[in-house]
Amino acid sequence: MKGFGVRVRPAGFLTVGGSHPAAMGADVTFARLYRRERLGDAELYIPASSLKGSLRSAASRVAAAYNVGRFTSCGQVDPALIAMAHRRTDGSFEECSVCRLFGSPGRTSSPNIFFEDLIPQGGSPAVITRVKLRDDALNAMKGGLYKSEVIWGVDFVGKIFYSDEVRGLLPLLLLAFAELRMDRFGRRSAIDVRLEETSALRDDLELTWHGLLRGLEDWLWRGDV
Ligand SMILES: [Zn+2]
């Protein structure tokens with residue numbers, strides 16, 4: 001398998017933990033890693049499943065918008081609905097691009113792509129806890145408040161590995177990264193992402209996609225974090 005590096009830099013308000021995954025438009029969630037040797041102390045990281053899930057839904061969103069006909073998405077996350085969506089009129093099955101690239105949702109392992117956890121590099125992230133009112137719960141008396149945390153001062157790094165089987169779908173992965181750091185309304189996301197160690201990835205991409213790759217090798221929100 002070939003691979004490339006991913007570096008995520010928090011750039012705003014982020015929610016830690018799984019109960020309220022989205023804050024400020026970013027789907028990527030952080031979790032706490034409890035280490036045996038540091039009892040009572042927890043280290044923040046981005047689980048592989050969170051990064052993969054976020055990229056999967058970003059890929060679903062962009063598949064329809066770019067290269068119509070080239071990349072497809074069944075738009076489903078439920079396994080039963082996916083099977084139905086992949087069935088063609090003649091009764092045969094054809095997997096959509098998103099499912100071929102990422103495998104079935106909810107599964108961390110796929111034969112064609114492998115995500116590492118993103119681990120903080122160069123120190124521990126600074127975290128401020130605050131209580132926020134959920135935008136969508138203004139009228140709800142219960143559950144309207146949640147704890148939100150601001151994380152900054154550290155990058156989260158890891159790798160993504162892929163097999164030749166999904167080489168033709170790598171542009172969809174790049175488009176998903178671009179979508180991840182800029183939401184569909186053009187607003188900045190709460191995270192910025194940069195791709196690193198991309199020589200193998202570049203070799204596997206057609207020339208038309210090299211410009212997009214170059215863009216992803218630099219921060220989008222440079223200078224104002
Ligand atoms: Zn599908």
Side-chain angles (χ1 to χ4, degrees), residues 1-6 8 18-23 25-31 46-118 158-186 189-191 193 195 198 200-202 204-206 208-209 212-213 215-216:
M1 275 191 153
K2 287 173 269 189
F4 58 94
V6 180
V8 168
S19 51
H20 299 287
D27 297 321
V28 174
T29 53
F30 291 73
I46 301 173
S49 56
S50 167
L51 178 64
K52 186 182 175 183
S54 306
L55 283 167
R56 189 182 210 285
S57 40
S60 265
R61 292 197 295 272
V62 298
Y66 295 86
N67 282 279
V68 176
R70 174 162 182 172
F71 301 120
T72 54
S73 169
C74 63
Q76 303 294 342
V77 288
D78 181 276
L81 294 176
I82 284 176
M84 272 168 59
H86 290 172
R87 193 200 299 262
R88 292 192 295 195
T89 42
D90 66 359
S92 65
F93 286 88
E94 189 178 18
E95 260 191 321
C96 72
S97 308
V98 174
C99 290
R100 266 204 296 138
L101 179 59
F102 292 97
S104 300
R107 266 198 342 216
T108 40
S109 64
S110 154
N112 296 322
I113 195 158
F114 175 79
F115 289 75
E116 281 184 353
D117 291 333
L118 301 185
K159 280 195 161 174
I160 295 177
F161 298 94
Y162 61 91
S163 75
D164 278 334
E165 286 292 304
V166 292
R167 192 173 157 170
L169 295 169
L170 291 173
L172 182 57
L173 187 60
L174 294 194
L175 289 168
F177 269 112
E179 164 79 4
L180 203 63
R181 59 184 194 172
M182 172 89 86
D183 75 17
R184 70 209 97 150
F185 304 109
S189 165
I191 58 158
V193 182
L195 304 187
T198 51
L201 179 61
R202 178 170 285 99
D204 282 338
L205 285 167
E206 292 166 37
T208 27
W209 297 103
L212 177 60
L213 178 60
L216 288 167

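Along the sequence shown, residues are numbered consecutively beginning with 1. Counting convention: from 1, in listed order, for ligands and their atoms alike.
Among protein atoms, those of element N, O or S found less than 2.8 Å away from the Zn ion (ligand 1) are C74 SG, H86 NE2, C96 SG, C99 SG.
Looking only at side-chain heavy atoms (C-beta outward), R56 and C99 come within less than 4.5 Å of each other.
Taking the six-membered ring where tryptophan is involved, the planes of Y162 and F4 are tilted, since the angle between them lies from 30° to 60°.
Partners of K2 under the side-chain hydrogen bond (donor to acceptor under 3.5 Å, both in side chains) rule, at least two apart in sequence or in another chain, are D164, D204. Residues satisfying the salt bridge (Lys or Arg N to Asp or Glu O under 4.0 Å) criterion with D90, sequence neighbours excluded, are absent altogether. Every side-chain contact (heavy atoms from CB on, under 4.5 Å) that R87 has, sequence neighbours left out, goes to F93.
Here E116 does not pair with K159 in a salt bridge; the nearest charged N to carboxylate O distance is not below 4.0 Å.
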